[in-house]
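What follows is a single structure, written as structure tokens, with notes after it.
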Amino acid sequence: QVQLVESGGGLVQAGGSLRLSCAASGGTFTTSNMGWFRQAPGKAREFVCYINRSGDRTLYTDSVKGRFTVSRDNARNTVSLQMNSLIPEDTAVYYCAADPTLSLSTEVGGYRYWGQGTRVTVSS
């Protein structure tokens, strides 16, 4: 069992930056692939990015490529999402998720453990 706690959300103006963090405890973080998802009001939860267990493989959804960067620190059991050049369309609750299996997934169903989410609001 992995417990995940996100932090770092808030209100930011368009063009600004935020750094989200996800702290993991209680399980095998270092052997888990990690994903970030987001859910905007009235919309389904969507994939943002993932990072594999060793941190040398990442994938981003097209809308955040070049603006967001995911990283992880296995010594500190944390995964981070640096978000730059934010736009109002990035407004959502952001969730980190963990998958202890070998597969790398862009699907909600591909992750076993989820945090409670942190809200990001980008004003125009």
Given the rule that I, L, V, M, F, W and Y join up when any side-chain heavy atoms are under 4.5 Å apart, are [X] and [Y] in one cluster?
X: Phe37; Y: Val93; value: yes
X: Tyr94; Y: Val70; value: yes
X: Val120; Y: Leu4; value: yes
X: Met34; Y: Val48; value: yes

Contact summary for [X] and [Y], nearest pair of heavy atoms:
X: Ile51; Y: Thr58; answer: CG1-CG2, 3.8 Å
X: Pro100; Y: Ser32; answer: CA-OG, 3.8 Å
X: Phe29; Y: Ala24; answer: CD1-CB, 3.3 Å
X: Gly35; Y: Tyr111; answer: N-CE2, 3.5 Å
X: Arg38; Y: Asp90; answer: NH1-OD1, 2.9 Å
X: Gly26; Y: Gln3; answer: CA-OE1, 3.4 Å

field: Set of residues satisfying side-chain contact (heavy atoms from CB on, under 4.5 Å) with respect to Asp62, sequence neighbours excluded
entry: Lys65
message: Using the rule given for side chain to side chain contact (heavy atoms under 4.5 Å, CB included), can you reason through Ser71 versus Gln82, listing the C-alpha separation, both sets of side-chain angles and the distance that settles it, and then say yes or no?
response: CA-CA 8 Å; Ser71 60; Gln82 178 66 42; over 6 Å; no
message: Evaluate Leu59 against Leu104 for side chain to side chain contact (heavy atoms under 4.5 Å, CB included), listing each step before the verdict.
response: CA-CA 9 Å; Leu59 180 72; Leu104 280 167; over 6 Å; no
message: So, taking the atom named CG in Asp99 and the one named CG in Asn52, what distance separates them when rounded to the nearest 0.5 Å?
response: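 Those atoms lie 11.5 Å apart.
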query: In Å and rounded to the nearest 0.5 Å, what is the OG1 to CZ distance from Thr91 to Arg119?
result: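 One gets 9.5 Å once the value is rounded to the nearest 0.5 Å.
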Side-chain ([X]) to main-chain ([Y]) donor-acceptor, under 3.5 angstrom:
X: Asn33; Y: Arg53; result: yes
X: Thr78; Y: Ala23; result: no
X: Arg72; Y: Gly55; result: no

message: Apply side chain to side chain contact (heavy atoms under 4.5 Å, CB included) to residues Trp114 and Arg45 and explain how you reach the verdict.
response: CA-CA 12 Å; Trp114 292 83; Arg45 193 169 299 187; 3.4 Å; yes
query: Taking atom types as modelled, is there a side-chain donor on Ser105 or Ser103 under 3.5 Å from an acceptor on the other?
result: no
query: Counting only heavy atoms not in Glu46, do more than 12 sit closer than 6.0 Å to its CD atom?
result: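 Buried by this count: over 12 neighbours within 6.0 Å.
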- prompt: Among pairs that include at least one residue of residues 50-82, which meet ring pair (Phe, Tyr, Trp, His ring centres under 6.0 Å), considering only residues two or more places apart or in two chains?
  reply: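 Ring pair (Phe, Tyr, Trp, His ring centres under 6.0 Å) check on residues 50-82 returns Phe47-Tyr50.
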message: Out of the candidates Leu20, Thr118, Leu81, only one should pair with Glu6 under the side-chain contact (heavy atoms from CB on, under 4.5 Å) rule; please name it.
response: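 The residue from Leu20, Thr118, Leu81 that satisfies side-chain contact (heavy atoms from CB on, under 4.5 Å) with Glu6 turns out to be Thr118.
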- request: Measure the shortest side-chain to side-chain distance between Arg112 and Val2 over non-hydrogen atoms and say whether it is less than 4.5 angstrom.
  value: no
From CA spacing to verdict: side chain to side chain contact (heavy atoms under 4.5 Å, CB included), Met83, Val64: CA-CA 8 Å; Met83 306 187 297; Val64 309; over 6 Å; no
